[in-house]
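Before any comments, here is the structure.
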Amino acid sequence: MPFITDIKTFAALGSGVIGSGWVARALAHGLDVVAWDPAPGAEAALRKRIANAWPVLEKQGLTPGAAQGRLKFVSTIEECVRDADFIQESAPERLDLKLDLHAKVSAAAKPNAIIGSSTSGLLPSEFYESATHPERCVVGHPFNPVYLLPLVEIVGGRNTSPDAIEAAKTIYTALGMRPLHVRKEVPGFIADRLLEALWREALHLVNDGVASTGEIDDAIRFGAGLRWSFMGTFLTYTLAGGDAGMRHFMAQFGPALQLPWTYLPAPELTDKLIDDVVDGTSEQLGERSIAALERYRDDTLLAVLEAVKNSKAKHGMAFGD
Ligand SMILES: NC(=O)C1=CN([C@@H]2O[C@H](COP(=O)(O)OP(=O)(O)OC[C@H]3O[C@@H](n4cnc5c(N)ncnc54)[C@H](O)[C@@H]3O)[C@@H](O)[C@H]2O)C=CC1
Ligand SMILES: C[N+](C)(C)CC(=O)CC(=O)[O-]
């Protein structure tokens, strides 16, 4: 039986930061969405998050027929997944919890509905171990805010069929995303390995009293962060090697890797370090609420996405190139 790829009904399990982002994306793409989350007050919190995201989604352009009213919140896992054409799990990052949840989800779902997990780095071979029809189970790791950022890392487990990877690519593409197949199942996949290295070094810089959280954020947002929105590290450093490109770059800056500039192990999360990071970021937040900062982030991201798309078009490139 072929996997379902022309999806009409999207099931979301877990409606926290990431689950609500998936719901917003699916609704904006004109789908019916069924959601489940066991927390008290979860439905109201989800609807509030969707309402906060909706203005930027309207600005970006909704699929005809898209409406917040097409979200149905249900009270059981089975009700959530039974009639779904595609299922995305965004439950807390705990192996035991995901193992138990996926055993239930996969037993209740249509056998040919693809199941994706938002996990940031747990291994699909482990948490889909007791799934029914594990061949249709993948990781679809998104980035926050899920309703705007296109990247989704697709990772298969030991039992995932190659056809399921292709089906997941088709589904996520139809949701306006840019799938990246991570060919080897490794903890942290690709993007979170990179992000974790940056995060670890940022914590060391705070811990060693080198810079405040705001100064470290400035070092990213006025420099590398701007060029990372359209060019990755490898091509950027090719240009840093001048006309001789990457070979010259390697010769000039390669030896510095032996120093090294960076620490590998993370610093101990002492109470002082946690307080320094929390106090620093509270100061950066100032009087703004999280929701206001999210709207600022979303508007700015949309402007960046539009600018990158237009510039690529002028150079004969598609957005996904
Ligand atoms: N926050 C982030 O930046 C990102 C998180 N992720 C991944 O997304 C997943 C969800 O993370 P967040 O949304 O950040 O967490 P969150 O804490 O915001 O939301 C988790 C939600 O799951 C609900 N929940 C609790 N038990 C559950 C169960 N048994 N089944 C279903 N839902 C349950 C909670 O009530 C809560 O609403 C995790 O696997 C995480 O690694 C992926 C990309 C980015
Ligand atoms: C912090 N995090 C590991 C949960 C981050 C991600 O998984 C992706 C993101 O949105 O940065």
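Numbering of ligands and ligand atoms starts at 1, following listing order. Only this structure's heavy atoms are used, side chains among them; waters, hydrogens and symmetry mates stay out. The residues of the chain are indexed from 1 along the displayed sequence.
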Below the 3.5 angstrom mark, is there an N/O of [X], backbone or side chain, next to an N/O of ligand 1?
{"X": "Ala91", "value": "yes"}
{"X": "Asp37", "value": "yes"}
{"X": "Glu93", "value": "yes"}

For [X], which residues count as a ring pair (Phe, Tyr, Trp, His ring centres under 6.0 Å) partner, sequence neighbours excluded?
{"X": "Phe253", "value": "Phe249"}
{"X": "Phe3", "value": "none"}
{"X": "Trp36", "value": "none"}

Polar side chain donor-acceptor pair, Arg295 to Asn52, under 3.5 angstrom: yes

[X] neighbourhood, listing ligand 1 atoms whose heavy-atom distance to it stays under 4.0 Å:
{"X": "Thr119", "value": "39 (O)"}
{"X": "Ser120", "value": "5 (C), 6 (N), 7 (C), 40 (C), 41 (O), 42 (C), 43 (C)"}
{"X": "Leu101", "value": "30 (N), 31 (C)"}

Would you mind finding which of [options] brings a heavy atom closest to [atom]?
{"atom": "atom 44 (C) of ligand 1", "options": "Ile18, Val17, Asn144", "result": "Ile18"}
{"atom": "atom 20 (C) of ligand 1", "options": "Cys80, Ser90, Gly41, Ser20", "result": "Ser90"}
{"atom": "atom 22 (O) of ligand 1", "options": "Pro40, Gly19, Pro92, Ala191", "result": "Pro92"}

Please write down residue, atom name and distance for the protein heavy atom closest to [atom].
{"atom": "atom 19 (O) of ligand 1", "result": "Gly16 CA, 3.3 Å"}
{"atom": "atom 7 (C) of ligand 1", "result": "Ser118 O, 3.3 Å"}
{"atom": "atom 27 (C) of ligand 1", "result": "Pro38 CG, 3.5 Å"}
{"atom": "atom 30 (N) of ligand 1", "result": "Trp36 CZ3, 3.3 Å"}
{"atom": "atom 43 (C) of ligand 1", "result": "Pro142 O, 3.3 Å"}

Heavy-atom neighbours of Ile290 CD1 exceed 12 at 6.0 Å: no

Residues Lys272 and Asp276 bridged, charged N to O under 4.0 Å: yes

Min heavy-atom dist Lys98 to ligand 1 below 4.0 Å: yes

Ala42 touching ligand 1 at heavy-atom level, < 4.0 angstrom: no

Per-atom contact, atom 17 (O) of ligand 1, protein heavy atoms, under 4.0 angstrom: no

Closer than 4.0 Å: a protein non-hydrogen atom to atom 41 (O) of ligand 1: yes

Could you tell me whether [X] approaches ligand 1 through its side chain, its backbone, both or neither, with non-hydrogen atoms closer than 4.0 Å?
{"X": "Phe143", "result": "neither"}
{"X": "His141", "result": "side chain"}
{"X": "Leu97", "result": "side chain"}

Show me a pair-per-line table, with atom names and distances to 0.1 Å, of protein N or O atoms that are under 3.5 Å from an N or O of ligand 2.
| unit_1 | atom_1 | unit_2 | atom_2 | d |
| --- | --- | --- | --- | --- |
| ligand 2 | 7 (O) | Ser120 | OG | 3.1 |
| ligand 2 | 7 (O) | His141 | NE2 | 2.8 |
| ligand 2 | 7 (O) | Asp192 | OD1 | 3.3 |
| ligand 2 | 7 (O) | Asp192 | OD2 | 2.8 |
| ligand 2 | 10 (O) | Asn144 | N | 3.0 |

